[in-house]
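Below is one structure; the comments refer to it alone.
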Amino acid sequence: MKISELVQELVNSAERGASIARAIRAESELLDLLVQEKKGEQKNPRFVQDFKTLADVLVQEMMKYELSKRFPGIGENIYGEESNKFTNILGETVTVQIFPDHRQTAELLCKVLDGNEKAAKLLTSELYRDIVIDPGPELQMLGDLQVDVNDIGVWIDPIDSTAQYIDGLDGAVSDSVMVQNGLQCVVVLVGVYLKSSGLPIMGVANRPFTRLENSQWQGESMWGVSFNQTRVFSIQTHEKEAGKVAKETNNDVKKLSVLMSQSELQIIQELFGRYMGIRHAAGAGYKLLGVIQGHCDAYVLSKGSTFKWDTCGPHAILLALGGGIISFKFLEDAFSKIADSSMKYQLKYNAPDNESLTGGAKWSNSQGLVAYRSLAELKQVIDIYQTTPTN
Ligand code: 2IP
Ligand code: CA
């Protein structure tokens, strides 16, 4: 399979996902369903108690459908956060999938949506919209590079930062180009990894709600490939410029700035906060993009609260840039050891981190993570971690 063709297909699919995410917030019929409070007792024996999950599943299934159409057989190796089976209180189950015939898809959606024909039609028309976007001139740099279709797996996070997506507030831009929360934190993520090595080789990240133009949300898309000796990425120069501005507005330009979750342990925030600027932002994908775009130098998370689908795509882009993502526990190792065999230390995507992980935690990045833009930044994070007393 030609890598450039897969990139083109992933970029298109992620854009279609982004456009569905925007349509749901723009059409009142769909938005009402999204923000509807979940009532404890449902009068109707509904299939969908939670429309957000249906939105997630639809984006995921649409990507599966589109990729399988183009690359037969790939579908069995595409994994996502959500199950596509919905069961109502009568014990009936429907499996949400996209059919070649759009009428069949509309009928299925109508059933899942308790007969809401209008919503089913609106969603169906978004699902089949013809979308082809230009991945940029960098695509040509991939030339004729090939990958064995039997050796790849795909992780999809159809809508990362779902809480922000449902709240739907525009995050206010404060002292930096990044927001702390709001719709801007939503990201559609797709990552491709090699089954043989577990390493990510290709990633696409699409932010559906990047900026408002004439009251309409505009998105942005980026991708990266890190395969054998080839490293190509699409990050545009205006994003690099934005990163520069962010750093210059920092009082101490030499100080590293690190992204953390609002819920990061206090002790970790204090430890790094003594020597680094700590920034908070919602969304694992959004924080990873913050590092990719150079708005911050690293993203540090001590807990296992992210999953393979959150990190696989952005991880491939970071590798393409010369950075990476390692487990937080490796901050205890010598930097020289990590630098010497940095691929060995990267998070892996072909198996759970360990066999004892079950249920919801099975596919978590169980020992936390450190995402960095280059080894120089990773070195600073390790130095601080290893030399700072915790009291
Ligand atoms: C979540 C989402 C959260 C993030 C968490 C992810 O994915 O990105 O915002 O937590 O790690 O798994 P935090 O914002 O504290 O970093 P989803 O929204 O898809 O459940
Ligand atoms: Ca997620």
Side-chain angles (χ1 to χ4, degrees), residues 14 17-18 20-21 24-25 34-35 38 50-61 63 78-84 154-169 171 178-191 200 203-209 257-266 268-269 272 278-292 295-296 298-317 325 327-328 347 349 352-353 357 359-371:
I20 294 170
I24 289 174
R25 291 217 56 97
L34 183 71
V35 296
K38 274 186 271 173
D50 175 359
F51 185 69
K52 163 246 141 194
T53 307
L54 178 65
D56 263 352
V57 169
L58 279 178
V59 172
Q60 194 174 297
E61 290 305 311
M63 286 185 179
I78 301 181
Y79 313 101
E81 182 174 2
E82 309 288 350
S83 152
N84 60 346
V154 183
W155 280 112
I156 297 177
D157 189 347
I159 299 177
D160 185 49
S161 273
T162 33
Q164 306 301 314
Y165 181 58
I166 295 165
D167 284 353
L169 305 169
M178 285 189 77
V179 295
Q180 290 202 355
N181 42 45
L183 276 176
Q184 292 97 322
C185 302
V186 173
V187 194
V188 178
L189 300 166
V190 199
V204 174
N206 188 313
R207 274 176 73 212
F209 308 96
S257 72
V258 173
L259 283 160
M260 287 191 180
S261 163
Q262 297 275 12
S263 67
E264 182 55 77
L265 299 177
Q266 207 50 40
I268 299 295
Q269 302 209 29
F272 286 100
I278 305 291
R279 294 240 181 99
H280 295 115
Y286 183 62
K287 284 192 272 297
L288 290 166
L289 291 199
V291 180
I292 288 170
H295 302 322
C296 274
Y299 163 27
V300 172
L301 175 70
S302 67
K303 301 178 292 178
S305 55
T306 66
F307 298 85
K308 301 298 173 197
W309 51 80
D310 291 322
T311 51
C312 187
H315 193 170
I317 306 178
I325 311 183
S327 169
F328 182 87
L347 295 185
Y349 295 88
D353 285 358
L357 294 167
K362 185 171 177 189
W363 292 107
S364 67
N365 296 310
S366 59
Q367 311 262 16
L369 60 83
V370 178

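Ligands are counted one by one from 1 in listed order, and the atoms in each one are counted from 1 as well. Count residues from 1 along the sequence.
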At less than 3.5 Å, what protein N or O atoms come close to the N or O atoms of ligand 1? Include the distances to 0.1 Å.
| from | atom 1 | to | atom 2 | distance (Å) |
| --- | --- | --- | --- | --- |
| ligand 1 | 7 (O) | Asp160 | OD1 | 2.9 |
| ligand 1 | 8 (O) | Asp160 | OD1 | 2.8 |
| ligand 1 | 8 (O) | Asp160 | OD2 | 3.3 |
| ligand 1 | 8 (O) | Ala284 | N | 2.9 |
| ligand 1 | 9 (O) | Gly283 | N | 3.1 |
| ligand 1 | 11 (O) | Ser305 | O | 2.7 |
| ligand 1 | 12 (O) | Ser305 | O | 3.4 |
| ligand 1 | 12 (O) | Asp310 | OD2 | 2.9 |
| ligand 1 | 14 (O) | Gly283 | N | 2.9 |
| ligand 1 | 15 (O) | Ser261 | OG | 2.7 |
| ligand 1 | 16 (O) | Lys287 | NZ | 2.6 |
| ligand 1 | 18 (O) | Ser161 | N | 3.0 |
| ligand 1 | 18 (O) | Thr162 | N | 2.9 |
| ligand 1 | 18 (O) | Thr162 | OG1 | 2.9 |
| ligand 1 | 19 (O) | Glu81 | OE1 | 3.4 |
| ligand 1 | 19 (O) | Asp160 | OD1 | 3.4 |

>> Among the N, O or S atoms of Asp157, which one sits nearest to the Ca ion (ligand 2)?
In response: OD2
>> Quick check: of its N, O or S atoms, which one does Asp160 have closest to the Ca ion (ligand 2)?
In response: OD1
>> Of all the N, O or S atoms in Asp310, which has the shortest distance to the Ca ion (ligand 2)?
In response: OD1
>> If you apply the rule side-chain contact (heavy atoms from CB on, under 4.5 Å), what do you find for Ile159 with Gln164, and how did you get there?
In response: CA-CA 10 Å; Ile159 299 177; Gln164 306 301 314; over 6 Å; no
> Of Val204, Leu288, Asp157, Val187, which meets side chain to side chain contact (heavy atoms under 4.5 Å, CB included) against Pro314?
Replying inline: Leu288
>> Between Asp56 and Thr162, is there a side-chain donor-acceptor contact under 3.5 Å, judged purely by atom types and distance?
In response: no
> Lys303 and Ser261: side-chain donor and acceptor closer than 3.5 Å?
Replying inline: no
> Trp155 and Phe307: side-chain contact (heavy atoms from CB on, under 4.5 Å), yes or no, with the steps?
Replying inline: CA-CA 10 Å; Trp155 280 112; Phe307 298 85; over 6 Å; no
> Where is the tightest heavy-atom contact between Ile278 and Phe272, given as atom of each residue plus distance?
Replying inline: CD1-CB, 3.8 Å
>> Tell me whether the rings of Phe209 and Tyr165 are parallel (<30°), tilted (30 to 60°) or perpendicular (>60°).
In response: tilted
